[in-house]
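The structure appears right after this line, and notes come after that.
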There are 2 protein chains.
Amino acid sequence: MATDSSGTESKPPVRHHDNYEKRLSLILKAASKIIARDGFAGASVRDVAAKGKIGLSGIYYYFESKDELLYAIQRHSFSTLVSLLKERLETCYSPEDKLKAVIDNHFQFFVKNRDEFRVCVHEMESLSGKYYKTVLKIRQEYFQLVRGVIDEVLRGSKDETDLTALFLFGSLNWVYMWYDPEKNYDVDKLSSQYLRVLLNGINKSQEL
Amino acid sequence: MATDSSGTESKPPVRHHDNYEKRLSLILKAASKIIARDGFAGASVRDVAAKGKIGLSGIYYYFESKDELLYAIQRHSFSTLVSLLKERLETCYSPEDKLKAVIDNHFQFFVKNRDEFRVCVHEMESLSGKYYKTVLKIRQEYFQLVRGVIDEVLRGSKDETDLTALFLFGSLNWVYMWYDPEKNYDVDKLSSQYLRVLLNGINKSQEL
DNA sequence: ATATTATTCGAACGAACGTTCGATTCATAG
DNA sequence: CTATGAATCGAACGTTCGTTCGAATAATAT
């Protein structure tokens with residue numbers, strides 16, 4: 001990750017032009033859109049290039065392969081998700097508040113980054129090798145974070161905490177299959193309702 | 001779908017050999033395995049053919065295209081899921097019993113048809129046109145069936161019922177991402193626990 | 001046994017894919 | 001202004017893809 005660490009060979013330092021970063025994130029945005037629409041295997045680098053207003057071979061100046069493109073999207077998105085959650089959790093005290101922060105954070109990230117979210121959830125297993133392992137680590141960090149919060153609320157057995165966490169992730173991640181931005185859901189209301197169901201079950205949902 | 005209905009041209013009646021059906025379902029089984037592993041876009045007809053112990057072109061004697069292969073898997077699986085649920089619901093009386101039947105049925109179908117389940121959930125949007133519409137109808141029938149049951153339990157607003165149904169589907173469908181057959185979960189226990197969480201929430205899960 | 005037709009196969013097609021490469025353009029440093 | 005290297009491009013490579021087709025095989029009916 002370091003731009004210039006000593007290897008066996010001294011590499012010439014790379015001085016990027018001013019809009020290198022903008023181009024890069026433009027390509028990432030385009031790739032997210034295309035991959036979200038066609039799936040990773042179904043998406044073509046040519047389509048990504050077209051959407052990103054760059055030539056086909058231009059992509060390979062910024063990324064060494066199609067795989068690295070997916071890797072970059074997932075790594076960046078998951079890292080952001082973890083960072084945002086950590087920040088939020090610091091200002092929470094009760095276990096229930098933390099759980100609400102988890103749900104809020106997840107939903108909000110989804111709403112603000114629909115394509116990236118979809119690519120992260122739907123293409124979890126499209127990577128392999130080094131790329132897969134690196135992303136898996138971040139995903140696991142996120143899972144453990146959420147698992148810890150659930151454990152605080154639940155204080156049950158390990159198995160129960162695990163299962164509850166998996167149920168939670170299921171509901172949260174499934175959202176991209178039915179959420180319609182046209183209908184303009186209130187995200188706060190969405191996560192509040194979900195928190196209530198999770199805490200009190202649907203039998204009590206009439207109250208309040 | 002009819003083998004011999006009057007069209008503009010009279011078609012010669014097709015008399016299949018004895019193991020036509022067995023071959024067909026063997027190919028479907030093979031296709032489910034390959035598509036579950038590689039995704040629909042990533043799966044090659046050649047791999048399906050190899051897994052199904054048939055030549056590449058042999059596939060096209062049974063199916064007219066790769067799309068129809070996916071269509072056949074989804075149509076058959078969703079139809080089965082709906083039929084099984086309908087059967088079960090007939091022997092249930094209380095709303096809670098019905099809800100348990102829904103969850104049980106879904107989990108059990110998953111455990112007994114892992115590849116097909118995955119293909120149904122993960123490749124929902126890989127079809128288009130006529131194929132997509134037909135499968136969508138069955139899916140919607142299933143959704144309405146489940147929605148009705150939830151409504152009986154919940155007796156809340158339309159929005160609340162819809163959201164709860166979507167949460168439910170999320171958790172249920174996500175299972176293929178974490179279920180490990182080696183660990184030999186007790187499916188009954190799984191669905192019981194899920195029913196309890198759904199009904200009473202995690203705050204009460206200590207009891208019982 | 002022979003005719004019929006359901007079934008299988010090998011070989012090939014054009015299209016689309018990911019990736020590479022040398023030339024070219026552009027921005028920046030001196 | 002000139003030189004340097006970052007950035008872009010067009011064209012092509014070799015592979016793999018879904019699908020087709022005519023010939024070969026296997027099963028059934030007469």
Side-chain angles (χ1 to χ4, degrees), chain A residues 3-4 9-28 30-31 34-35 37-73 119 123 126-129 131, chain B residues 3-4 9-28 30-31 34-35 37-73 119 123 126-129 131:
Chain A
T3 49
D4 195 22
E9 290 293 331
S10 68
K11 301 185 181 180
V14 178
R15 279 278 142 266
H16 288 134
H17 287 173
D18 285 353
N19 34 358
Y20 174 88
E21 308 258 0
K22 294 190 178 176
R23 246 316 177 176
L24 193 137
S25 70
L26 206 107
I27 294 177
L28 279 181
I34 298 293
I35 298 177
R37 194 190 57 187
D38 301 334
F40 180 68
S44 77
V45 182
R46 281 167 176 82
D47 280 353
V48 172
K51 193 78 153 185
K53 310 277 191 199
I54 198 174
L56 167 60
S57 46
I59 296 279
Y60 290 88
Y61 180 75
Y62 291 88
F63 299 94
E64 71 173 6
S65 67
K66 188 188 177 189
D67 280 332
E68 202 206 348
L69 211 47
L70 177 59
Y71 168 71
I73 296 171
V119 170
E123 308 296 339
S126 296
L127 286 178
S128 60
Y131 290 153
Chain B
T3 50
D4 194 22
E9 291 293 330
S10 69
K11 300 184 181 180
V14 178
R15 278 278 142 265
H16 288 135
H17 287 172
D18 285 353
N19 35 358
Y20 173 87
E21 308 258 0
K22 294 191 178 176
R23 245 319 176 172
L24 193 137
S25 70
L26 206 106
I27 294 178
L28 279 180
I34 298 293
I35 297 177
R37 193 191 59 188
D38 301 334
F40 180 67
S44 77
V45 182
R46 282 166 176 83
D47 280 352
V48 172
K51 193 77 153 184
K53 310 280 191 196
I54 198 174
L56 167 60
S57 45
I59 296 279
Y60 290 87
Y61 180 75
Y62 291 88
F63 298 94
E64 72 173 5
S65 68
K66 189 188 176 189
D67 280 332
E68 202 206 349
L69 211 47
L70 177 59
Y71 167 71
I73 296 171
V119 170
E123 308 296 340
S126 297
L127 286 178
S128 61
Y131 289 152

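What you are looking at is a predicted structure, and each value in this text was computed from that prediction instead of being measured. Throughout, a chain's letter reflects where its sequence line sits, starting with A, and its residues are numbered from 1.
To the nearest angstrom, C1' of dT7(C) lies 11 Å from CD1 of Ile27(B). In this entry the distance linking CG of Leu24(B) with P of dT7(C) reads 10 Å, nearest Å. Regarding His17(B), its NE2 atom lies at a distance of 8 Å from the P atom of dA6(C), rounded to whole Å. Atom-to-atom, CZ of Arg15(A) to C1' of dA7(D) comes out at 16 Å; the value is rounded to the nearest Å. To the nearest angstrom, P of dT8(D) lies 7 Å from CG of Asn19(A). In this structure, CG of Asp18(B) is placed 13 Å from C1' of dA29(D), rounded to the nearest angstrom. The separation between His16(B) atom NE2 and dA29(D) atom C1' is 17 Å, rounded to whole Å. Rounded to an integer number of Å, the gap from Ile59(B) CD1 to dT20(D) P is 14 Å.
Side-chain contact between Tyr62(B) and Leu28(B) is absent, with no heavy-atom pair separated by less than 4.5 Å.
The aromatic rings of Tyr61(A) and Tyr20(A) lie perpendicular to each other, with more than 60° between the two planes, well past the 30° mark.
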Worksheet entry | Pair Lys53(A)-Arg23(A), side chain to side chain contact (heavy atoms under 4.5 Å, CB included): steps then yes or no | CA-CA 9 Å; Lys53(A) 310 277 191 199; Arg23(A) 246 316 177 176; 4.3 Å; yes
Worksheet item: When every nucleotide of nucleotides 8-19 of chain C is labelled 5' to 3' by its protein contacts under 4.0 Å (heavy atoms), B for base, S for sugar-phosphate only, - for none, what sequence of letters results?
Response: BBB-B----BBB
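Looking at every heavy atom in both residues, Leu127(B) comes nearest to Tyr71(B) through CD1-CA, 3.8 Å.
One N or O on the side chain of Lys66(A) and one on the backbone of Phe40(A) form a donor-acceptor pair closer than 3.5 Å.
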